[in-house]
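Being a predicted model, the structure only gives us computed values, none of them experimental. Just so it is clear, the values below take in all heavy atoms, side chains as well, and ignore hydrogens, waters and symmetry mates. Each chain gets a letter, A, B and so on, in the order the sequences are listed, and its residues count up from 1.
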2 protein chains.
Amino acid sequence: MINNYSAEDKVLLAVDCIIFGFDKEDLKILLIKRDFEPEKGKWSLMGGFLQQQENLDEAASRILRTLTGINNVYMEQLHSYSKVDRDPAERTISVAYYALINIQDHNEELIEKYSAKWFSVAKAPDLIFDHNIMVRHAISRLRYKTSKEPIGFELLPPKFTMRQLQKLYEAILDEKLDKRNFINKINGMDILVKLKEKDMNSSRKGSFLHMFDEQKYNRKKADGFSFKL
Amino acid sequence: MINNYSAEDKVLLAVDCIIFGFDKEDLKILLIKRDFEPEKGKWSLMGGFLQQQENLDEAASRILRTLTGINNVYMEQLHSYSKVDRDPAERTISVAYYALINIQDHNEELIEKYSAKWFSVAKAPDLIFDHNIMVRHAISRLRYKTSKEPIGFELLPPKFTMRQLQKLYEAILDEKLDKRNFINKINGMDILVKLKEKDMNSSRKGSFLHMFDEQKYNRKKADGFSFKL
DNA sequence: ACAAAAGTGTTCCCGATACACCCATGT
DNA sequence: ACATGGGTGTATCGGGAACACTTTTGT
């Protein structure tokens, strides 16, 4: 016989997404106000259930797309949460994912449809179930990961200034960084291209825009280089 | 209504355990020879299904206990694997855990009952499903984690020599370490107690036994100290 | 006497950090 | 002219890596 597994122990498997964005100074997360039970009216992460024909990564992408309209987003599986009574309605295991998006890319209509809102991580409201814990874990993972892989760029527009990049890392790490040391480190890795173009919004002098050169990074990585911040 | 979740999307949730041990020179994993379908006769990780009244950590502990007879083992959740056809018999999502045990503690009868066997990680056979990938991930996580937290001791007997500890880290990292630098680093952290007792098995001269001082470590940690190797 | 593992400090180097002034521009 | 943020280089410090000889004891 092929199928000797018992059917009695099946469970509902949810996927919840911690969606990170970065806005000028603050690291933010996108939360929804639940218009359904349980916990209707409270803030929570965007989530959904795993479907039969998809894997977890696909479910996470689908859920993210539902709320933001964006495809091809950097996402990573975080952890699975399984406390027996974590969801009062029914036994549910949740696999948390975090996503990094360029905050300008979100879709206004969808945000409205789901009563979603961006919150600075420092000022986010209490969330339902164990979602607060998930967010804490996600921030901790984000700190680790952004210091070891060049994924911070996912949170910025394609063209960004050094200052924006520094502000981003300051927001993620929640500490001030030295301007010269930061730029020296970044330039030392030689994975950005400096454009002729300047961003004139932030100062009178203007500041040069840069782009992450993914090809160059991949070549260097294949050669033994590793990103380190 | 309380329950507005659909029942159609429930899935089987498995827990698979990568059980690490250390034996003189080698990092090992405990594998079982499946005496049930699918893939009967092939090697695999020890696993089981999540039950309704337990969370994932508890399921992992239960599964480990079933095979080894040991309780209170260091375990950590690794990752969830969800490829749609990963298990040919039925859609199953698996949450992998890794465990660190003192290899001397295992129970011979249980090992025999499950046709289990210890393999050096370097010489382990091919495993069913995606278990090879799980093992690779587990080793990678183990490397990271043992360099940041004093969990390597879980793989040793309570009393161990500096040389054993070094061999352990060499096996985990798969690289030779310098004897003096290693001992200097360990002693610099001041989290071991050196016993008067010597282990006379490894050499004519004998070498002093040490123990991990968990209280001391916890006090230092609360004071801002962090383990680093 | 010799073989086999244990034990023990110092030097050197590189990467991380600290730090201050001039520039360009809009008002 | 001045206010605002942009851009740049060097000196110091500390942790990590390299490195070799003596000790003990069973044979």
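- Applying the ring pair (Phe, Tyr, Trp, His ring centres under 6.0 Å) criterion to B/Y74, with sequence neighbours excluded, gives no partner residue.
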Inset, instruction - Apply side chain to side chain donor-acceptor pair (under 3.5 Å) to the pair B/N201 and B/D199, showing each step before the final yes or no. - result: CA-CA 6 Å; B/N201 298 319; B/D199 170 28; 3.1 Å; yes
Legend entry - Step-by-step side chain to side chain donor-acceptor pair (under 3.5 Å) determination, B/H106 to B/E108: CA-CA 6 Å; B/H106 74 235; B/E108 271 306 334; 3.2 Å; yes
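- Rounded to whole Å, atom C1' of D/dG9 lies 18 Å from atom CZ of A/F182.
- Judged by distance alone, the side chain of A/D23 and the main-chain N or O of A/D26 form no donor-acceptor pair under 3.5 Å.
- Residue B/L177 contributes atom CG, which lies 11 Å from atom P of D/dA18 at whole-angstrom precision.
- Remark: aromatic rings of B/H79 and B/Y81 are close, center separation under 6.0 Å.
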Look for any protein N or O under 3.5 Å of an N or O in nucleotides 24-27 of chain C and output each such pair with its distance, or none.
from	atom 1	to	atom 2	distance (Å)
C/dT25	O3'	A/R204	O	3.4

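- Checked against the 6.0 Å centroid criterion, the rings of B/F153 and B/F160 qualify as a close aromatic pair.
- Under 4.0 Å is where a charged nitrogen must lie from a carboxylate oxygen, and between A/D190 and A/K216 at least one such pair does.
- Distance B/F208 CZ to D/dT24 C1': 11 Å, rounded to the nearest Å.
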Legend entry - Base-contact (B) and sugar-phosphate-only (S) positions in nucleotides 8-18 of chain C, heavy-atom cut-off under 4.0 Å, - elsewhere: BB-------BB
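- A straight line from CG of A/D199 to P of D/dG6 spans 9 Å, rounded to a whole angstrom.
- Separating the CG atom of A/L209 from the P atom of D/dG6 is a distance of 12 Å, rounded to the nearest angstrom.
- Rounded to the nearest 0.5 angstrom, A/L45 CG and A/F129 CZ are separated by 11.0 Å.
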